[in-house]
Amino acid sequence: MTVQQISSFAAGEWIAPGAGARNIASAVTGDVIASAGNNDLDVQAMLDYARNVGGPALRKMTFHERAKMLKAVALHLREHRQAMYDLSFDTGATQSDHLIDIDGGIGTLLVFASKGRREMPDGHVYLDGDLEQLSRNGTFLGQHICTPLQGVAVHINAFNFPVWGMLEKVAPTLLAGVPCIVKPATNSCYVTELCVRLMLDSGILPAGAIQLVSGGLGDMLDRLGMQDVVSFTGSADTALKLRSNPVILENSVRFVAEQDSLNASILGPDAQPGTPEFDLFVKEVQREMTTKAGQKCTAIRRIIAPENTVQAVIEALSARLAKTVIGDPRLETTRMGALVSNGQKRDVLEKAAIIGTEAERVFGNPEDFAVDGADADKGAFVPPMLFHCANPDTAERIHDTEAFGPVSTIMGYRDLDHAIELANKGQGSLVASVITHDPTVARHVAMGSGAFHGRLYFNNRDSMKESTGHGSPLPHMVHGGPGRAGGGEEMGGVRGVKHYMQRTAIQGSPDILSAIGEKWVPGATEIEGPAHPFTRKYGELSIGETLHTAPRTVTLEDIEHFANFTGDTFYAHMDQEAAERNPFFPGRVAHGYLLLSFAAGLFVEPNEGPVLANTGLDGLRFMKPVSAGDSIKVRLTVKKKTQRNDEYGEVRWHVTLTNQDDELVAEYELLTMNAY
């Protein structure tokens, strides 16, 4: 058998294993299949390459350009995913597991690409929050902005998801404009190496955007500074050792940790045997115990059920687990493969034995189980093991010991407060789930347990067909948790991107803030265009270009006609005496939507032109009522531009309506699509 040499990609070059290389065995056969590691990597050269080559190249790109880059990389990986599938079988993963790891990683890239285009600007500065009025007349304002860190992100990943575990960190990092150095766990680094090769071979990423360490990091962490980030996934012991590095502490290096987690799943008191929720609960637990052979940071480790249902859960869950076919993951009939290595197998059995000091094993015998198509002794196979703890209040190990494999413990609760207390005994987890059809149960758990968990997953008969599962972190939502889970956050859409950016408070005049944020701020200089803005293409419009309209008088006939035409005969528009009794109105007033219609009539250019569609209206506020005899006029300003494709772009217009006394009547933002 050929032993694959797993290289590192450092400072623009592939470097083969060298001194310090270690052998990697197949999880299925136990045979050596690869070698990885090189103690002679020039880690300072890698850091310099990232900071001086990758960083500047990424920062020159806008958020949208980086989002397009992520999408292109994802589509390229999708075309070559079969090669990653084929290689990943030796990690013990089944084809279903590949869909979570490989397809899930690709999907994460696509989600961040989409969010980058939809929720971030086509520029270099991300505006965080609204303007702050810091002066009476608006000449001195405040704004929070986020800009890319000018260092490097060092990603230290676990063995269980060699592709998703990398890409869920890479996506927000590159979207932020920060280069990364990826260090996968050695046991499965051969899959990560192939994924990185595919990305680099595509030619899509700029030089220095991503590097790979197959093996140890050496003293890289000792060379980090305040512009760098460490993002870690793994054990709590390793996380503590890394985050305690004196250099990391001294330089306040950002450290994001996702670590051990005693995740819980609670069966609601309403979900008795015979209900859809009971069956759903058993199915979810069985799936979480066996997917990736239980090697998931989000897997269910503690099963919390009403005391009167514990035996029924044990019986139903045992019946489902008994149908789990364990074997060579390449076989179509296999439902659970091997652990990643025999070392991991020993660790799981040791942890299971510790749990066994406080709980009785009620299903699964590691000394007697069948394996299809492989040798149970040579491969890293273990059966699903279910324990029952009769005294969860006094037990300790079931709440602090994680067997990172297909091992879970069931315990009973007396009432919902007791269930919450048991869930919180884990002292912080990535996720807790609650299977209930009772919204009051869900709220009670959320209020009592939310502070102890990074994610709360609720499911029942209404959502089960479309839900993604207890153990599926989604790129849209934060992944992380307090306490034992590490205290960090990953993903979460744009929230995850901000972890690789610096939030800065800027203060200054409207013109200064407009220039920095690439977005017109009220009070900033207005530009008079050469023609009506609706006659000009997207590329011809400038930020700050403004149209001031002539006034229009609002009559009582206008108000009555609008009321009769639309059916909106609200008393404030039609009944003088009733309107006068309203403290907000001086008498009968014009409809707010009448004013918007008149405003459109004042600023619209009716002839065919580059404005393709009105796509929305944001932030509408009415400040002052308009009575019959008052007049209104409109100021229309180009606030922001976002290119959508080569044919058209989105223009965000700031619109204000003022009366005959120049008092602000209404304000909103208009969105149009303009031909490019």
Side-chain angles (χ1 to χ4, degrees), residues 262-291 294 299-324 335-336 351-369 382-399 401 403 405-426 432-438 441-442 444-445 449 457-461 464 470-471:
L262 276 299
N263 310 298
S265 186
I266 300 173
L267 180 65
D270 58 302
Q272 293 292 307
T275 64
E277 285 70 33
F278 182 89
D279 295 337
L280 171 63
F281 181 77
V282 172
K283 182 179 179 180
E284 287 257 20
V285 173
Q286 180 266 338
R287 180 174 61 190
E288 291 305 317
M289 287 183 66
T290 57
T291 299
I300 295 171
R301 307 301 180 194
R302 295 176 300 144
I303 307 163
I304 303 174
E307 288 180 340
N308 66 344
T309 68
V310 168
Q311 189 56 41
V313 172
I314 290 174
E315 292 174 1
L317 182 55
S318 296
R320 288 191 67 93
L321 291 173
K323 297 177 182 178
T324 303
R335 293 296 173 264
M336 190 178 87
K351 297 295 176 53
I354 293 173
I355 292 171
T357 63
E358 295 179 340
E360 176 190 4
R361 192 177 70 230
V362 293
F363 182 87
N365 183 354
E367 303 298 328
D368 184 17
F369 65 101
V382 296
M385 287 176 273
L386 177 65
F387 289 82
H388 172 226
C389 180
N391 300 296
D393 293 322
T394 58
E396 297 180 1
R397 300 289 79 82
I398 63 168
H399 300 299
T401 301
V407 181
S408 193
T409 304
I410 185 169
M411 59 201 77
Y413 69 83
R414 297 181 295 275
D415 53 37
L416 200 53
D417 285 333
H418 185 215
I420 292 170
E421 179 185 347
L422 293 176
N424 294 350
K425 275 181 172 288
S433 59
V434 184
I435 308 302
T436 179
H437 198 241
D438 186 343
V441 170
H444 196 74
V445 175
S449 202
Y457 165 88
F458 298 95
N459 201 2
N460 57 34
R461 69 191 72 179
M464 62 184 184
H470 163 106

In this structure, which one of V434, N459, I300 forms a side-chain contact (heavy atoms from CB on, under 4.5 Å) with S265? I300

Check whether any side-chain heavy atom of L317 lies under 4.5 Å from a side-chain heavy atom of F363, and answer yes or no. no

Side chain to side chain contact (heavy atoms under 4.5 Å, CB included) partners of P366, counting only residues at least two apart: L349, R361, P383, M385

Do K425 and L422 touch side chain to side chain, with heavy atoms closer than 4.5 Å? yes

Quick check for you: to the nearest 0.5 Å, what is the distance between E421 atom CD and L416 atom CG? 12.0 Å

Between H388 and T409, is any pair of side-chain heavy atoms under 4.5 Å apart? no

Can you confirm whether R320 sits close enough to M289 that some side-chain heavy atom of one is under 4.5 Å from a side-chain heavy atom of the other? no

Sorted by chain and residue number, the side chain to side chain contact (heavy atoms under 4.5 Å, CB included) partners of D415 (sequence neighbours excluded) come out as D417, H418

CD1-CD1 distance between I410 and I314, expressed to the nearest 0.5 angstrom: 5.0 Å

Hey, is the main chain of I398 close enough, under 3.5 Å, to the side chain of T401 for a donor-acceptor pair? no

Looking at every heavy atom in both A312 and P273, which two are closest together, and how far apart are they? CB-CG, 3.9 Å

Tell me the closest heavy-atom pair linking A403 and I355, and the distance in Å. CB-CD1, 4.3 Å

Any heavy-atom pair between the side chains of I266 and I435 that's under 4.5 Å? no

Does E396 offer a backbone N or O that forms a donor-acceptor pair with the side chain of E358 under 3.5 Å? yes

What are the two closest heavy atoms between M336 and P384, and how far apart are they? CE-CD, 3.8 Å

Rounded at 0.5 Å granularity, tell me how far SG in C389 sits from CZ in R397. 11.5 Å

Does D393 offer a backbone N or O that forms a donor-acceptor pair with the side chain of N391 under 3.5 Å? no

From L267 atom CG to T436 atom OG1, the distance as rounded to the nearest 0.5 Å: 8.5 Å

Salt bridge check: are R461 and D279 linked by an N-O gap of less than 4.0 Å? no

Tell me the closest heavy-atom pair linking F281 and I304, and the distance in Å. CZ-O, 4.3 Å

NE2/H470 to OG1/T291 distance, rounded to the nearest 0.5 angstrom? 11.0 Å

S449 to N424 - nearest heavy-atom pair and separation: OG-OD1, 2.6 Å

Which atoms form the tightest heavy-atom contact between A271 and E277, and what is the distance? CB-CB, 3.5 Å

Can you confirm whether F458 sits close enough to S433 that some side-chain heavy atom of one is under 4.5 Å from a side-chain heavy atom of the other? no

Are any side-chain N or O atoms of R302 and backbone N or O atoms of A423, one a donor and one an acceptor, separated by less than 3.5 Å? yes

I need the E284 CD to I303 CD1 distance, nearest 0.5 Å. 12.0 Å

Okay, side chain of T275, backbone of Q272: is any donor-acceptor separation there less than 3.5 Å? yes

